[in-house]
Visitor: 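Below you will find the structure I want to go over with you.
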Amino acid sequence: MLDRRIIREEPQKVREALDKRGCDFDLDALIELEARRRDLLQAVEAQRAQRNQISEQVAQTVREGGDAEPLKQRSIEIGRQLAANEQELAEVEGRFDQMMAELPNIPLDEVPVGESEQDNVVMYEVGEPPKFDYTPRPHWEIGEQLGILDFDGATRMAGARFVTDVGAGATLERALINFMLDTHTRKHGYTEVFPPYLANERSLFGTANLPKFEDDLFKTTDGYYLIPTAEVPLTNMHQGEILEGDDLPIYYTAYTACFRREAGAAGKDTRGMVRVHQFHKVELMKFVKPGQSSEELEKLVKDAEVILQALELPYRRVHLCTGDMGFQPRQTFDLEVYCAGMDRWLEISSCSQYGDFQARRCNTRYRPQPQAKPEFIHTMNGSGVAAGRTLLAILENYQQEGGTVVIPEVLRPYMGGLAEILPRSLLS
RNA sequence: GGAGAGGUGGCCGAGCGGCUGAAGGCGGUCGCCUGCUAAGCGACUAUGGGGGUAUAAGCCUCCAUCGAGGGUUCGAAUCCCUCCCUCUCCGCCA
């Protein structure tokens, strides 16, 4: 959510941002609503002031034993007009708030301007795609043959777009999660959090998943939402709080399952575990002072990169353009891992800074100095990284011609020393 | 699921129809006192929004806010209704 003042004071800034995003939004209607809101507010406040004054006179008259009846009648009359104005104000305000809630963030100046994915800027590549003497196979073939990914079983248990890790596959994903959490907590200074997987409406509003993206979410019959990412609980950790400047920056990391309906993705990535309704991810999240945002985001991206480097997975870093960026961020960097079997770059981490866009919605503030006025903090987050897609990338890049998969060195201690996943047939 | 208690400023806590945006305390800021520290004394110390004034800091003024929403009333922190949350006890349970 942007500061509503910007609508009145710098509408051209908003218009420019919307243009850059290629976003269809009726800014003029919003500006008009804002003006109407202010007019009504002034009228309502003047009438309230008048009524308050009369009420005081009533009290005084009654105390002195006089007849307050005429005053009361006037007050009732004012109240009638007031009620009409108040009703219209509430309507206007409601529509205004709704539009504000659906107004996207303003991209930073350094974000490349573009229309689509095609215009994203690849900043650099790290590592070499592995070479094979044969045509490398996709992860679903490898996983099923090794008996470590069970798509059919998951379909029976739940439905389409689910996957189940079995045996060494389950251990591998658990190892990845532990390795990532250990790295971020012990080496990068993050505090580990194990949050609820359900969140209330308010929290999803805070991260701006609601009201605009309700279709992407699973909702329970009790009105809870399944979290689409740990960003939701983590960003709301300090909802409504005023933090002390000395406590910032705060770094959190969390492993959670993530649930997404993938409503708009029919027919896309239907093979394998690229796009599933439940996946597992280690998230990085920071609360920082306004001036620290870009610098801290840079460190956060590097913290995520460390994981891919340690696993020796080839990846590249992409600066998302204005047209491909999400609704909430003002800047996003994606990390894409190369997957030999599918021969494609796959998003494995998305790191975004939001400025005060989310903090405003969550009402999370801090005091720059002990007695100073509270200001909105800045938030940012990124995957550090998605465990399911990392597993997939390991299967595709570490596959051997005989159908086995070598375990990256750093994971072996987490897998009881296992160095290679063999087919079940070879185990027995 | 059943029964009860409660949600008031940065924190604790009073208030239970008008003089209460809110006593008192803690914490904090400034000043006085003081060889230093402590103690003592005094002043100030909620948030959001509108309007005016000012180059700005600020100042003046109005409105709203005592968990949220609605109602009663000339007037609500205070009375009524609905909802949310917290706590205690009982039941159930990984």
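Chain letters run A, B, ... following the sequence lines, proteins first, then strands; residues in each count from 1.
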Visitor: Using modelled atom types and a 3.5 Å cut-off, is there a donor and acceptor pairing between side-chain atoms of A/D3 and backbone atoms of A/R5?
Guide: yes

Visitor: Given atom CG of A/N85 and atom P of B/C63, what is their separation to the nearest angstrom?
Guide: 16 Å

Visitor: Check every strand shown and say whether A/R5 touches a base, only sugar-phosphate, or nothing at a heavy-atom separation below 4.0 Å.
Guide: sugar-phosphate

Visitor: Which residues satisfy the side-chain contact (heavy atoms from CB on, under 4.5 Å) test with A/K20, sequence neighbours excluded?
Guide: A/E16, A/D109, A/V113, A/T322

Visitor: Within the 4.5 Å heavy-atom criterion, are A/Y225 and A/N200 side-chain neighbours or not?
Guide: no

Visitor: Rounded to the nearest Å, what distance is computed from the CD atom of residue A/E69 to the P atom of nucleotide B/C74?
Guide: 8 Å

Visitor: How close or far is atom P of B/G48 from atom CD of A/E375, stated in whole angstroms?
Guide: 11 Å

Visitor: Could you give all pairs that pass the side chain to side chain donor-acceptor pair (under 3.5 Å) test and reach residues 145-171 of chain A, with sequence neighbours left out?
Guide: A/R137-A/Q145

Visitor: Write down the distance between CG (A/N52) and C1' (B/U73), rounded to a whole number of angstrom.
Guide: 14 Å

Visitor: Please give the distance between the P atoms of B/C26 and B/C32 as a whole number of Å.
Guide: 22 Å

Visitor: Using a cut-off of 4.0 Å on non-hydrogen atoms, how would the nucleic acid contact of A/I76 be classed: base, sugar-phosphate, or nothing?
Guide: sugar-phosphate

Visitor: Between A/R260 and A/F218, is NZ or CZ placed under 6.0 angstrom from the six-membered ring centre and within 45° of the ring axis?
Guide: no

Visitor: Checking A/E86 now: which residues fulfil salt bridge (charged side-chain N to carboxylate O under 4.0 Å, His left out) with it, not counting sequence neighbours?
Guide: A/R48

Visitor: With P as the reference atom in both, quote the distance from B/U8 to B/A14 in angstrom, rounded to an integer.
Guide: 11 Å

Visitor: Side chains of A/Y366 and A/D247: closer than 4.5 Å at any heavy-atom pair?
Guide: no

Visitor: Heavy atoms under 4.0 Å is the rule here; annotate nucleotides 65-70 of chain B 5' to 3' with B where the base is hit, S where only the sugar-phosphate is, and - elsewhere.
Guide: ------

Visitor: Taking B/G48 as the reference, what is the distance to B/C41 when you measure between their C1' atoms (whole Å, please)?
Guide: 36 Å

Visitor: Output every pair passing side chain to side chain donor-acceptor pair (under 3.5 Å) with a member in residues 267-279 of chain A, not counting sequence neighbours, ordered by first then second residue.
Guide: A/E262-A/R275, A/D269-A/R275, A/D269-A/R344, A/Q278-A/H280

Visitor: Looking only at heavy atoms, which two atoms of A/S349 and A/V385 are closest? And how far apart?
Guide: CB-CG1, 4.0 Å

Visitor: Defining pairs by Watson-Crick or G-U wobble geometry with both distances under 3.5 Å, how would you list the stems of RNA chain B with at least three pairs each?
Guide: B:1-7 with B:84-90, B:10-12 with B:24-26, B:27-32 with B:40-45, B:46-53 with B:58-65, B:67-71 with B:79-83

Visitor: Can you name the residues that form a ring pair (Phe, Tyr, Trp, His ring centres under 6.0 Å) with A/F287, not counting sequence neighbours?
Guide: A/H238

Visitor: C1' atom, B/U65 versus B/A54: distance in rounded Å?
Guide: 29 Å

Visitor: Take the protein atom CZ of A/R365 and the nucleotide atom P of B/A46, then report the distance between them rounded to whole Å.
Guide: 14 Å

Visitor: For A/R48 and A/D3, take the nucleotide of RNA chain B holding the closest heavy atom to each; which residue's nucleotide lies nearer the 5' end?
Guide: A/D3

Visitor: Between P on B/C85 and CD on A/E201, what's the gap in Å once rounded to a whole number?
Guide: 13 Å

Visitor: Do the side chains of A/N363 and A/R365 get nearer than 4.5 Å, heavy atoms only?
Guide: yes

Visitor: Taking atom C1' of B/A64 as reference, at what distance in whole Å does atom CD of A/Q50 sit?
Guide: 18 Å

Visitor: Could you check A/V58 against A/V44 and say which one's nearest nucleotide on RNA chain B is further toward the 5' end?
Guide: A/V44

Visitor: Check whether A/E396 reaches the backbone of A/H139 with its side chain - one donor and one acceptor, N or O, closer than 3.5 Å.
Guide: yes

Visitor: Using the C1' atom as the point on both nucleotides, what is the distance between B/G49 and B/C93, in whole Å?
Guide: 49 Å

Visitor: Identify which nucleotide among B/A64, B/C74, B/G18 has an atom closest to any side-chain atom of A/A59, counting heavy atoms from C-beta outward.
Guide: B/G18

Visitor: Taking the P atom in each of B/U73 and B/U20, what is the distance between them to the nearest angstrom?
Guide: 26 Å

Visitor: Calculate the interatomic distance between A/Q47 atom CD and B/C62 atom P; express it in whole Å.
Guide: 17 Å

Visitor: Looking at B/C62, B/G50, B/C74, which one has an atom nearest to any side-chain atom of A/A49?
Guide: B/C62

Visitor: Show me the donor-acceptor pairs within less than 3.5 Å that the side chains of residues 95-107 of chain A make with the rest of the protein, sequence neighbours left out.
Guide:
from	atom 1	to	atom 2	distance (Å)
A/D97	OD1	A/R4	NH2	3.1
A/N105	ND2	A/Q328	O	2.9
A/N105	ND2	A/Y354	O	3.0

Visitor: Between the protein and nucleotides 82-84 of chain B, which nitrogen or oxygen pairs come in under 3.5 angstrom?
Guide:
none

Visitor: Base, sugar-phosphate, or nothing: which does A/L41 touch, judged by heavy atoms less than 4.0 Å apart?
Guide: sugar-phosphate

Visitor: Between N or O atoms, less than 3.5 Å apart, protein on one side and nucleotides 51-59 of chain B on the other: list the pairs.
Guide:
from	atom 1	to	atom 2	distance (Å)
B/G51	OP1	A/R38	NH1	3.2

Visitor: Taking side chain as C-beta onward, heavy atoms only, is A/E305 less than 4.5 Å from A/L335?
Guide: yes

Visitor: Looking only at atom P, what distance separates B/A64 and B/A22, rounded to whole Å?
Guide: 14 Å

Visitor: May I ask you to check whether A/F213 and A/F327 place their ring centres under 6.0 Å from each other?
Guide: yes

Visitor: Heavy-atom distance under 4.5 Å between the side chains of A/R389 and A/K281, does that happen here?
Guide: no

Visitor: Please tabulate the protein-to-nucleotide N/O contacts below 3.5 Å involving nucleotides 75-81 of chain B, giving atom names and distances.
Guide:
from	atom 1	to	atom 2	distance (Å)
B/G75	O4'	A/S55	OG	3.2

Visitor: Work out which heavy atom in A/P195 is nearest to a heavy atom in A/A254; give both atom names and the distance.
Guide: CD-CB, 4.0 Å

Visitor: Would you list the pairs meeting salt bridge (Lys or Arg N to Asp or Glu O under 4.0 Å) in which at least one residue belongs to residues 30-44 of chain A, sequence neighbours left out?
Guide: A/R8-A/E34, A/E34-A/R37, A/E34-A/R38, A/R36-A/E88, A/R37-A/E93

Visitor: Work out how far the P atom of B/U88 is from that of B/C44, and round it to whole angstrom.
Guide: 41 Å

